[in-house]
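First up is the structure itself, then whatever we jot down about it.
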Amino acid sequence: MRKKIVAGNWKMNLNWDEANALFQEIAAIKKEGVEVLIFPSTPYIQPFIDTANRTISVGAQNAYAKDSGAYTGETSFQQLKSIGVNHVIIGHSERRAYFNETNVQLREKVDAALMHSITPVFCCGESLDIREAGNEKHFVTNQLKESLFHLSAEDFSKCIIAYEPIWAIGTGKTATNEQAEEMHQTIRSFIGDHYGEPIANSTSILYGGSCNENNAKELFSCYNVDGGLVGGASLKASSFKSIIDAF
Ligand code: PEP
């Protein structure tokens with residue numbers, strides 16, 4: 001059975017009081033059978049981990065591949081692990097677009113995460129131009145190939161994949177069920193071709209891109225969609241709860 005996961009990516013939002021209030025509300029949500037992950041801004045990670053119950057995990061939105069050294073402003077996977085972080089988002093499209101992160105750099109981050117027993121939540125997804133040119137499947141599978149397929153089967157099976165079409169992120173424009181299912185199915189069979197069906201069938205593939213309380217139920221009803229990576233709608237406890245309850 002694949003894990004069902006709902007993850008909230010808070011991005012660079014909320015001051016401490018707002019973030020803490022939201023976290024306490026989310027931490028009080030009870031739902032069997034769904035793993036809840038929260039990715040707040042870095043300064044909030046430690047206090048949230050200290051107060052989190054066992055039903056919620058707190059992760060980081062990014063980390064640097066080196067363990068330590070003269071890299072001003074960066075935080076390493078090793079440091080994150082030392083405060084109890086078990087999940088890191090790797091390759092979010094905003095990191096790729098604004099910070100020029102490449103498939104090769106992301107491969108290094110994936111290796112660093114796994115070296116420190118941190119689960120990568122690896123993001124992939126195409127821009128509108130790429131979809132309109134009909135190249136979305138090739139583009140997305142190539143992202144996986146270049147950043148993940150060097151991994152052993154054992155290491156790959158520790159990763160979570162998030163398919164996030166860039167044209168749907170923060171735009172209010174969600175992929176249709178058919179578009180989401182088609183890409184998730186493509187990703188799963190691509191994984192199957194490389195690692196075999198048992199690993200493909202046990203990999204959680206999340207959908208991200210304007211997932212909200214109104215569309216989550218439909219999206220999560222797709223056979224190959226195992227949950228969501230949620231941006232905007234994770235900033236309101238009631239919306240996020242409805243998304244969790246959509247399972
Ligand atoms: C995201 O940035 O991961 C995301 C899916 O954002 P939104 O839900 O706001 O589209």
Side-chain angles (χ1 to χ4, degrees), residues 4-14 18-19 22-23 26 29 34-42 44-45 56-63 87-101 106 109-110 113 119-128 130-131 136 139-140 143-144 147 159-177 179-181 183-184 187 204-220 222 224-247:
K4 295 181 184 0
I5 300 168
V6 176
N9 173 15
W10 290 2
K11 311 193 185 191
M12 198 176 69
N13 290 303
L14 308 176
E18 294 162 341
L22 177 60
F23 184 76
I26 290 172
I29 298 170
V34 181
E35 198 170 315
V36 177
L37 312 176
I38 294 295
F39 295 92
S41 293
T42 309
Y44 309 153
I45 293 174
I56 189 165
S57 298
V58 184
Q61 298 171 16
N62 178 41
H87 297 83
V88 175
I89 296 175
I90 296 179
H92 192 281
S93 60
E94 288 150 18
R95 300 286 325 165
R96 294 176 187 262
Y98 306 145
F99 303 95
N100 303 316
E101 294 191 357
L106 298 174
K109 291 191 181 206
V110 167
T119 301
V121 179
F122 183 82
C123 300
C124 55
E126 80 287 356
S127 64
L128 191 57
I130 292 170
R131 179 163 280 267
E136 69 276 12
F139 184 84
V140 167
Q143 287 180 318
L144 300 178
S147 300
C159 299
I160 296 168
I161 310 291
Y163 167 60
E164 300 205 303
I166 297 168
W167 46 270
I169 295 179
T171 58
K173 196 174 166 194
T174 319
T176 62
N177 274 9
Q179 287 170 322
E181 175 59 18
M183 185 60 85
H184 282 232
I187 292 171
S204 292
I205 308 176
L206 315 184
Y207 169 80
S210 299
C211 179
N212 60 40
E213 63 272 41
N214 301 317
N215 57 31
K217 205 175 183 70
E218 263 197 75
L219 285 162
F220 296 174
C222 298
N224 284 295
V225 176
D226 305 307
L229 178 54
V230 185
S234 70
L235 295 172
K236 219 172 123 198
S238 58
S239 306
F240 196 61
K241 181 177 186 315
S242 302
I243 294 171
I244 295 169
D245 284 340
F247 270 118

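As the structure lists them, so they are numbered: ligands from 1, and atoms in each ligand from 1. For this chain, numbers begin at 1 and follow the sequence in order. The structure presented is a predicted model; accordingly, all values stated were derived computationally and were not measured. Excluded from the calculations below are hydrogen atoms, water molecules and symmetry mates; all remaining heavy atoms, backbone and side chain alike, are included.
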Parallel, tilted or perpendicular: which fits the ring planes of Phe247 and Phe220, with parallel below 30° and perpendicular above 60°? parallel
Side chains of Trp167 and Glu126: do they bring a donor and an acceptor to under 3.5 Å? yes
In terms of heavy-atom contacts, Ser210 and Asn215 come closest through O-ND2, 2.9 Å
Please round to the nearest 0.5 Å and tell me the distance separating atom CD1 of Ile38 and atom CD1 of Ile45. 12.0 Å
Are the charged groups of Glu101 and Lys109 less than 4.0 angstrom apart, N to O? yes
Find all atoms of ligand 1 within a distance of less than 4.0 Å from any non-hydrogen atom belonging to [X], and give their numbers and elements.
| X | result |
| --- | --- |
| Ala168 | 10 (O) |
| Leu229 | 3 (O), 5 (C) |
| Gly232 | 7 (P), 8 (O), 9 (O) |
| His92 | 1 (C), 2 (O), 3 (O) |
| Ser210 | 7 (P), 8 (O), 10 (O) |

Below a 4.0 angstrom heavy-atom separation, can you tell me which part of Ile169, side chain or backbone, both or neither, approaches ligand 1? both
Proximity of Ala233 to ligand 1 by residue part, where a heavy atom lies under 4.0 Å: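 Neither; nothing of Ala233 gets under 4.0 Å from ligand 1.
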Nearest heavy atom to atom 10 (O) of ligand 1 wins, so pick from Gly170, Gly125, Ser93.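 Comparing heavy atoms across Gly170, Gly125, Ser93, the nearest one to atom 10 (O) of ligand 1 lies in Gly170.
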Flag side-chain contact, heavy atom, 4.5 Å: Asn62 against His92: no
Would you call Val6 and Phe240 a side-chain contact if the rule is heavy atoms closer than 4.5 Å? yes
Which heavy atom of the protein is the closest neighbour of [atom], given with residue, atom name and distance?
| atom | result |
| --- | --- |
| atom 8 (O) of ligand 1 | Gly231 N, 2.8 Å |
| atom 5 (C) of ligand 1 | Glu164 OE2, 3.1 Å |
| atom 2 (O) of ligand 1 | Lys11 NZ, 2.5 Å |

Would you confirm whether Glu181, through its side chain, and Asn224, through its main-chain N or O, come within 3.5 Å as a donor-acceptor pair? yes
Has Gly209 got any heavy atom lying under 4.0 angstrom from an atom of ligand 1? yes
